[in-house]
Amino acid sequence: MVASKKSKKAMESFNSRLALVMKSGKFTIGYRSTLKSIRQGKSKLIIIANNTPALRKSEIEYYCMLAKVGVHHYSGNNIDLGTACGKYFRVGSLCITDTGDSDIIRTMPTGGE
């Protein structure tokens with residue numbers, strides 16, 4: 001029970017940071033626009049929902065590895081990720097290009113700068 005409570009608190013913390021990015025930062029939603037911004041070198045962090053198809057997930061991870069961009073595997077499905085973004089639709093992948101006031105990249109386990 002303690003582990004689930006800790007993971008839930010971490011999830012809420014991540015969701016609040018993500019909400020701050022949605023308010024003050026720049027981002028793109030969707031698979032195609034995510035790949036486009038990775039190719040252009042604009043992306044800082046990629047967030048992928050846990051029910052994204054394996055081929056798409058591996059392709060995004062491969063592009064991120066080449067571009068040296070961080071990837072976060074969101075623990076919820078695409079409906080939960082869309083809700084965390086404050087949208088009323090499903091979000092499979094999300095690319096953060098500018099964090100704004102949020103410290104979402106610095107607090108990631110893989111870390112940024």
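All of these numbers come straight from a predicted model, not from anything done at the bench. The chain is numbered in sequence order, starting from 1.
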Distance in Å, [X] [atom1] paired with [Y] [atom2], rounded so as to fall on 0.5 Å steps:
| X | Y | atom1 | atom2 | value |
| --- | --- | --- | --- | --- |
| I48 | T34 | CD1 | OG1 | 8.5 Å |
| L35 | Y62 | CG | OH | 13.0 Å |
| E61 | H73 | CD | NE2 | 4.0 Å |
| I47 | L81 | CD1 | CG | 6.5 Å |
| F27 | L94 | CZ | CG | 7.0 Å |
| S93 | R32 | OG | CZ | 12.0 Å |

* **Derivation and outcome, side-chain contact (heavy atoms from CB on, under 4.5 Å), residues I46 and H72** => CA-CA 6 Å; I46 306 297; H72 176 73; over 6 Å; no
Quick one: are [X] and [Y] in side-chain contact, heavy atoms under 4.5 Å?
| X | Y | value |
| --- | --- | --- |
| D80 | Y74 | yes |
| Y88 | T83 | no |
| T97 | C95 | yes |
| I60 | Y31 | yes |

* To do: Might you work through the side-chain hydrogen bond (donor to acceptor under 3.5 Å, both in side chains) test for N51 and N78, ending with a clear yes or no?
  => CA-CA 7 Å; N51 65 340; N78 55 1; 3.2 Å; yes
Side-chain ([X]) to main-chain ([Y]) donor-acceptor, under 3.5 angstrom:
| X | Y | answer |
| --- | --- | --- |
| T52 | A49 | yes |
| S43 | L45 | no |
| S33 | T28 | no |

[X] versus [Y], closest heavy-atom pair with distance:
| X | Y | value |
| --- | --- | --- |
| S75 | N50 | O-ND2, 3.0 Å |
| I104 | R17 | CA-CD, 3.9 Å |
| C85 | M22 | O-CG, 3.4 Å |

* **Side-chain ion pair, K44 and D98, N-O less than 4.0 Å** => no
* Asked: How about K57: does its NZ atom have over 12 heavy atoms from other parts shown lying under 6.0 Å from it?
  -> yes
